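Scroll down for the structure; my scribbles are underneath it.
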Protein chains: 2
Amino acid sequence: MKIEDEIKQVAFRDDYQKAHVNLIFTANWLQQQQSGFFKQFGLTLPQFNILRILRGQHPKPATVNLLIERMLDKTSNASRIVDKLEAKELVTRCVCPSNRRAVDIRISDPGLELLGRLDAAMNDQQFGVQNLTSADAAQLSRLLDKIRD
Amino acid sequence: MKIEDEIKQVAFRDDYQKAHVNLIFTANWLQQQQSGFFKQFGLTLPQFNILRILRGQHPKPATVNLLIERMLDKTSNASRIVDKLEAKELVTRCVCPSNRRAVDIRISDPGLELLGRLDAAMNDQQFGVQNLTSADAAQLSRLLDKIRD
DNA sequence: GATAATTAAATGTATGTACATATATTTGTC
DNA sequence: GACAAATATATGTACATACATTTAATTATC
């Protein structure tokens, strides 16, 4: 659906304003699609992202600092998201032996198992990007990179 | 900067996954740019959006329902955002005379004055979309509309 | 080696999001 | 006109975000 119809705004000042609003709107739409998906597995999107980083490190541990570096949203609160994952026993947390300020965070076996199920489900669920051609997708990334220059 | 460098991921599975991650990352980046901007004026992004809708209605009142319809994020809590704006005396709220279930919400004179200052400042602040050509911006909107089909 | 500065994580507070539920008013039906 | 259904908003709870502050451990400096 065209963005004008989605947000019931008759016209935009120019293509720049339209692209800007469309970007915010679409990313939001995507996040909602995704959070509905993750909810089936008892996770939120940020919790999933942290688990995925931990799997990337596995079997090495990660520290909170490393999680913050790798997270898409740098300013979010990794420490409290790990709290939630620990409560669900998807990760373990223990004081780092070589630096007792830091904590070693590891994905647990149930955590790995959950991510495995999520991977399988995600292959059947492409959240709209499948509507693009491969060339479209590449072009989209090029435009987005240009915006952040 | 290319998305691979931004999030320190070596490679994506395909252009689809890359575009997807890039979209989420870029929209987040844009929102952070904006929220820093609005903070100078004592507003948050959703508060600004509500004020802008109210100005569009002015001098007619808006109801909470109308705000929800027009907001980019449909599921957020308009009622509590209006609470914050009312506390700052940027809007007024009173029971609608013709339907006492509804509340009439109006932007106040200080609210209009604040939006006026924001408009001026926003013309000097284009948040990255100015890096695109006009044709790029139009193409971006076309791709985003396609994703949400 | 005591003390200051830095670093790593956790905590506090205000705001917003998502979703369920509650309260009050209006509308529809018998 | 009583009572059920629908409507408009507000409230409650859990989670996340944004940013400042605190606590504890380590490193640097004298």
Side-chain angles (χ1 to χ4, degrees), chain A residues 24-25 27-51 61-88 90-91 93-105, chain B residues 24-25 27-51 61-88 90-91 93-105:
Chain A
I24 299 284
F25 182 83
N28 216 53
W29 178 90
L30 262 178
Q31 280 190 337
Q32 282 182 0
Q33 299 279 111
Q34 286 187 312
S35 82
F37 172 75
F38 289 123
K39 202 175 173 183
Q40 301 175 294
F41 295 88
L43 287 181
T44 63
L45 180 56
Q47 287 171 7
F48 170 73
N49 283 328
I50 295 237
L51 273 188
T63 61
V64 172
N65 260 350
L66 184 141
L67 294 178
I68 292 170
E69 268 172 36
R70 300 276 175 86
M71 280 169 75
L72 294 193
D73 189 339
K74 312 283 187 196
T75 64
S76 83
N77 204 325
S79 186
R80 272 183 280 224
I81 297 172
V82 172
D83 286 347
K84 301 294 151 61
L85 292 172
E86 194 185 18
K88 289 178 232 181
L90 300 172
V91 307
R93 180 154 52 172
C94 64
V95 172
C96 174
S98 63
N99 179 352
R100 292 193 307 159
R101 285 172 301 188
V103 289
D104 282 348
I105 304 159
Chain B
I24 299 284
F25 182 82
N28 216 53
W29 178 89
L30 262 179
Q31 281 190 337
Q32 282 182 2
Q33 299 278 111
Q34 287 188 311
S35 81
F37 172 75
F38 289 124
K39 202 175 173 183
Q40 302 175 294
F41 295 89
L43 287 180
T44 63
L45 181 56
Q47 288 171 8
F48 170 72
N49 283 327
I50 295 236
L51 272 189
T63 62
V64 172
N65 259 351
L66 184 141
L67 294 178
I68 292 170
E69 269 173 33
R70 300 276 176 87
M71 279 169 74
L72 294 192
D73 190 339
K74 311 283 188 197
T75 63
S76 83
N77 203 325
S79 185
R80 275 184 275 226
I81 297 172
V82 172
D83 286 348
K84 301 294 151 64
L85 291 172
E86 193 184 19
K88 290 180 233 183
L90 299 172
V91 308
R93 179 154 53 173
C94 63
V95 172
C96 173
S98 62
N99 179 353
R100 291 193 309 160
R101 284 172 300 187
V103 289
D104 282 348
I105 304 159

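Since the model is a prediction, treat every value here as computed from it, not as a measurement. Quick note on labels: first sequence line is chain A, next is B, and so on, each numbered from 1. Both backbone and side-chain heavy atoms feed into the values below; hydrogens, waters and symmetry mates do not.
- Position along DNA chain C of the nearest nucleotide to B:Arg100 versus A:Gly36 favours A:Gly36 as the more 5'-ward residue.
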* Structure fact -> Going 5' to 3' through nucleotides 7-13 of chain C and flagging B where a protein heavy-atom sits under 4.0 Å of the base, S where only the sugar-phosphate is that close, and - otherwise, we get BSSSBBB
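- Between the side chain of A:Lys88 and the main chain of A:Gly42, a donor-acceptor pair closer than 3.5 Å is present.
- Note that CD1 of A:Ile81 is 6.5 Å distant from OG1 of A:Thr44, once rounded to the nearest 0.5 Å.
- Expressed to the nearest 0.5 Å, how far CG of A:Asp104 lies from CG of A:Asn99 amounts to 9.5 Å.
- Smallest separation of non-hydrogen atoms from B:Ile24 and A:Ala27: CD1-O, 4.2 Å.
- In terms of heavy atoms, B:Thr63 sits closest to B:Ala102 at CG2-CB, 4.2 Å.
- With A:Val82 as the fixed residue, the side-chain contact (heavy atoms from CB on, under 4.5 Å) test singles out one of A:Asn77, A:Val91, A:Leu90: A:Val91.
- Backbone-only contact: A:Ile81 has heavy atoms under 4.0 Å from sugar-phosphate atoms and none from a base.
- Between the CG atom in B:Leu85 and the CG atom in B:Leu43 there is a gap of 7.0 Å [rounded to 0.5 Å].
- Reading DNA chain D from its 5' end, the first and the last nucleotide to sit under 4.0 Å from a heavy atom of chain A are D:dC15 to D:dT26.
- The CE atom of B:Met71 lies 10.0 Å from the CG atom of A:Asn28; values are rounded to the nearest 0.5 Å.
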